[in-house]
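As structure tokens, the structure follows; a few thoughts come after it.
Note that the structure is a prediction, hence the values are computed from the model and not measured. Letters go in sequence order (proteins before strands), and every chain restarts at 1.
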Amino acid sequence: MADNFIEKIIEDDLEAGRVPGNTIVTRFPPEPNGYLHIGHIKSICLNFGLAAKYGGRCHLRLDDTNPAKEDMEYIDSIKSDIRWLGFDWGDNEYYASDYYDQLHEIAIDLIKKGLAYVDSQTPEEVRINRGTLTEPGKNSPDRDRSIEENLRLFKEMGEGKHPEGKYLLRAKLDMASPNINMRDPALYRIKFAEHPRTGNKWCVYPMYDFTHPISDAIEGITHSICTLEFEDHRPAYDWACSIDNIDHAPHQYEFARLNINYLVMSKRKLLQLVNMGIVSGWDDPRMPTISGIRRRGYSPESMKDFVSRVGVAKVESVVDYSLMEFCVREDLNKRARRVMAVLDPIKLVIDNYPEDLTEYFEAENNPEDPTAGKRSLPFTKELYIEREDFMEDPPKGYHRLFIGNEIRLKGAYYVTAVSCEKDSEGKVTVVHCTYDPESKGGETPDGRKVKGTSHWVSAKHAISGEIRLYDKLFKTEYPGADTGNYLDDLNPESLVVIKDAKLEPGLSDAKPGDYLQFMRSGYFTPDYDSTKDHLIFNRTVTLKDSWSKQMAKNK
RNA sequence: UGGGAUGUAGUGUAAUGGUAACACUGCAGAUUCUGGUUCUGCCUUUGGGGGUUCGAAUCCCUCCAUCCCAGCCA
């Protein structure tokens, strides 16, 4: 069953016998000029998913035709990000630069056939003579240069005899075409940049419209899938596939790229955020890069689920950020180990609890997963609880701790608040309570109910940790929509650091990649910089919180 | 204004001439040793106008709206 229009096309092609060897071949073709982001996940899942579903293969091809912007660092990150998602391209790792020799030959061939020429117009002249959207372009004065002259000049371009911008190899198509991409598109330009893979071997580099279709054809790609903005390039794609007598020319199909509100996804903007130091790097947990969300604690499974829920179509759309949060919560709910962590601690003293006693209580590691086992938590007279779990003057509907109210300390005892101490500024520092020894384990023989349950850690046994509370990097749905500058919409509270949270002792051996739920708070994961002496946890996403939502509404 | 595309609940995606649906969001409630999870219910949809047809989201005409294209970027 086809899940989207591309699968429908593939199934039709397969059924009609239009696919050589009945093996579909796709490719994921990133340009190594930045880190992969969430938008790429859609393309990766589509291309690798298609190959898996229809028993074909998917190539990884680095589209490295612009050495001025590309870098080895990006190539490495791209590969590790795809692997993290769980996809394997096997031996099918290719580079557009692998085809430079062939591409060069084809270009010479085109010149010999009179289908390409060397243009000596300045870039400015090329632009002006291209015409506009409504007016046709004008032929270059060099359009009818002799084949011999073209051959000589192209050779000299390749030999580094001319500066950048001096000459340009163009296809001889149609300067009057209503499709601007067909008005004698550039094939080769001079560039003296060092290429990450070919070094200084070349000083002419082929353009996308020339390189991409031919790379696809060389690799035997059957279905070349790209985003909507390349729709206009399809005639150029088909032209390039037609010049070399290819048996089974690949076809290009376009789908809508993934947009998500509250996020910026263009590589230009992401690079700017990195370069301006607004984030700590490409893998800052607030970045929508794959390495960023990995560090943030998102699971690959949740992201694959997310893009599959988004679907594939040709309508340009903006997906709700909340769908992504739903997906990560749903996955982490099933797999995250539950722990107790008090982010903003106040001391809770149980006045009638023995001074030197330590009891141990068993706690489930994950109520959603019985196989996750249990752990033992120490309990003493002095504990830490969350500051927001006690109020002197609670609003209606508050069923946490207040003077005279009884709550449960998760898995331990029922306690009733009796008094509190405050500092000179009126801030509560200590809450005093009494416990009911009969309620041991969190239930009483008389079966009475309490409405509130708080998490806690024993003050004596607690370990300290730094907590990084991440939130959206932008505070508006469409960053920059109002002012034209997306940087105006940065969320000043996208990162709030808690220096000294109180954590249950077992957290000392948590490692990056662990999925944790800090009970009643959110999902967290150890940061890469976390050490045994200085624990650091990143908040992936909060738990849904209907209480704070209700409070916000009543305001 | 030339060319290329796209219009289905707030958001995303199905339904290919036969009862407009699923998920997320939102709202209400139940359950719960996480105000989490789970469960139940509710809200809201075919861009407009014509036409063809017993019957149109689907086919035709027309209008409207939105997006993309004038890099020697991809």
How about A/S458 and A/F379: do any of their side-chain heavy atoms sit closer than 4.5 Å?
no

Check the phosphate of B/G35 against A/S548, side-chain N and O only, distance under 4.0 Å to OP1 or OP2. Yes or no?
no

Rounded at 0.5 Å granularity, tell me how far CG in A/D393 sits from OH in A/Y398.
11.0 Å

Can you check whether A/Y100 and A/H195 have ring centres sitting under 6.0 Å from each other?
yes

Using modelled atom types only, decide if a donor and an acceptor are shared between the side chain of A/K42 and the backbone of A/A256 within a distance under 3.5 Å.
yes

Could you check whether A/K472 makes a cation-pi contact with A/Y262, meaning its NZ or CZ is under 6.0 Å from the centre of the six-membered ring and within 45° of the ring axis?
yes

Taking donor-acceptor contacts at under 3.5 Å, does the side chain of A/R329 reach the base of B/G36?
no

Output yes when at least one side-chain N/O atom of A/K553 is less than 4.0 Å from OP1 or OP2 of B/G26, else no.
no

A/T134 vs A/S521, nearer the 5' end of RNA chain B by closest nucleotide
A/T134

Could you tell me the separation between the CG atom of A/D331 and the C1' atom of B/G36, rounded to a whole number of Å?
16 Å

Under a 4.5 Å cut-off applied to non-hydrogen side-chain atoms, are A/D389 and A/H455 in contact?
yes

Once you round it to whole Å, what is the distance between P of B/U16 and NZ of A/K314?
19 Å

Pairing annotation in dot-bracket form, given for RNA chain B with Watson-Crick or G-U pairs under 3.5 Å and | for cross-strand partners
.((((((..((((....[..)))).(((((.......)))))....(((((..]....))))))))))).....

I need the CD-C1' distance between A/E368 and B/U31, as an integer number of Å.
14 Å

Can you identify which nucleotide, out of B/G26, B/G10, B/A5, has its nearest atom closest to the A/D320 side chain?
B/G10

Would you measure the distance from the C1' atom in B/C63 across to the matching atom in B/U25 and give it in whole Å?
33 Å

With the side chain defined as heavy atoms from C-beta on, A/V315 is closest, among B/G26, B/U37, B/G7, to B/G7

A/K451 side chain N/O closer than 4.0 Å to the phosphate oxygens (OP1, OP2) of B/U32?
no

Less than 6.0 angstrom from the centroid, inside 45 degrees of the normal: does A/R197 satisfy that with respect to the ring of A/Y95?
yes

Distance check: side-chain N/O of A/K544 vs OP1/OP2 of B/U37, anything under 4.0 Å?
yes

Syn or anti for B/G71, taking syn as within 90° of 0?
syn

Would you indicate, yes or no, if B/G35 has its OP1 or OP2 atom less than 4.0 angstrom from a side-chain nitrogen or oxygen of A/R520?
yes

Any sub-3.5 Å donor-acceptor pair from A/D209's side-chain atoms to A/A186's backbone N or O?
no

Counting primed atoms plus P, OP1 and OP2 as sugar-phosphate and everything else as base, spell out the protein contacts along nucleotides 65-74 of chain B at 4.0 Å heavy-atom distance: B, S or - for each nucleotide, 5' to 3'.
--BBBBSBSB

Any carboxylate oxygen within less than 4.0 angstrom of a Lys/Arg side-chain nitrogen, looking at A/K53 and A/E7?
yes

Does A/M519 or A/V318 map to a spot on RNA chain B nearer the 5' end, using the closest nucleotide for each?
A/V318

Nearest whole angstrom, please: distance from the P of B/A23 to the CD of A/E330.
12 Å

